[in-house]
Amino acid sequence: MAKSIGILTGGGDCPGLNAVIRAVVRRADAAGWDVVAVREGWRGLVEPIFEDLGPQQVSGILPRGGTIIGTSRTNPYKLEDGVERVLQNFADRELDALVAIGGEDTLGVAARLYAEHAFPVVGVPKTIDNDLSGTDYTFGFDTAVSIATEAIDRLHTTAESHNRVMVVEVMGRHTGWIAVMSGIAGGADVILVPEIPVVYDEVTEAIRKRHARGKNFSIVVVSEGCELPDLADAGETDQFGHVILSKRGVGEVLGREIEERTGFETRVTVLGHIQRGGTPTARDRVLATRFGLKAADLALAGEFGQMAALRGDDVVAVQLAEATAQLKVVPPEWYDVARAFFG
Ligand code: F6P
């Protein structure tokens, strides 16, 4: 009987997931292994929900956004007998390896299963947030930044025509990578990220400075994860304990504050899931494809507990434990690039 690799996608969907799935299936198939889709992230191993996945099923999916095998934020460690069910269902389906494609949460579960049960898993780093240490870039990030940059470009025209301040709220949860990169690329006048405390006086000072030199509009990019002085905690959390940030309304609170303090008409745009939708950029397709091949190679070779990662221009293997130990935050040098254009 041929050996089998299970594959799952967990956490928020992100452009490039299907490119990874395709690459894993193609590599495994060439080596004479079968691939089994574990549907909807870790839920597919808890329940279980399996589906055979061959070259035919992955044909034509390279440019497609989302994930053809579904995803969820299921955390087996938060469910009664969740981990036991994962281990039992994996054994019952006679899988030899698992490729887990995910961010800090999905890969955190993978790292723990490997450490505690020698579970035969390899990881692939996905997230539009780009906040995983161990890899220079995650796939999905480039697409999200491109979408946010285009939105900032488009908002410029309305800002300029109406003499308005336009606040753009972007995703990123704990880190400001999307805000910083899209803000630099889009020429934002102020960029606010969770790594740096927000000081309203500095924000309004930058906007006033622009207006004083004849620029009657401003673009402010704010990351959804920023703490603002008077922001209420939305309270609601997912199975990994994360607050659902889109319900906190960072952009709205900031926009109100700017308008009250400066007197300049202000509007707010929340980009939300638009940033995660649709076809991946060419860069993300290529990165996802390379990650998928690397993960398949690790699984075929029985080199578990590792994650495919980008270091410079090379795709290498790093320890899952290392990659999930801490988040990769925006370093001051990057924020300084953004700050050089404030005001
Ligand atoms: O982690 C990816 C991400 O898009 C974050 O930027 C965001 O905070 C979160 O997921 C949103 O999650 P959901 O799609 O469950 O609302």
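Counting starts at 1 for both ligands and their atoms, in listed order.
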Heavy atoms only: which of R248, E104, E224, K247 is nearest to atom 7 (C) of ligand 1?
-> E224
Identity of the nearest option to atom 9 (C) of ligand 1, non-hydrogen atoms only, from H242, Q275, R73 = R73
Could you list which atoms of ligand 1 come closer than 4.0 Å to a heavy atom of [X]?
X	result
M171	4 (O), 6 (O)
I128	4 (O)
H273	13 (P), 14 (O), 16 (O)
G172	6 (O)

Please determine if [X] and [Y] form a salt bridge, counting it only when a charged side-chain N lies under 4.0 Å from a carboxylate O.
X	Y	answer
R154	E150	yes
R85	E80	no
E257	R261	yes

Atom 1 (O) of ligand 1: which protein heavy atom is closest, and how many Å away?
-> D129 OD2, 2.9 Å
Shortest protein contact, atom 11 (C) of ligand 1 (heavy atom only) = R276 NH1, 3.6 Å
Got a sec: does the [atom1] of [X] have more than 12 other heavy atoms crowding it under 6.0 Å?
X	atom1	answer
E116	CD	yes
L327	CG	yes
E94	CD	no

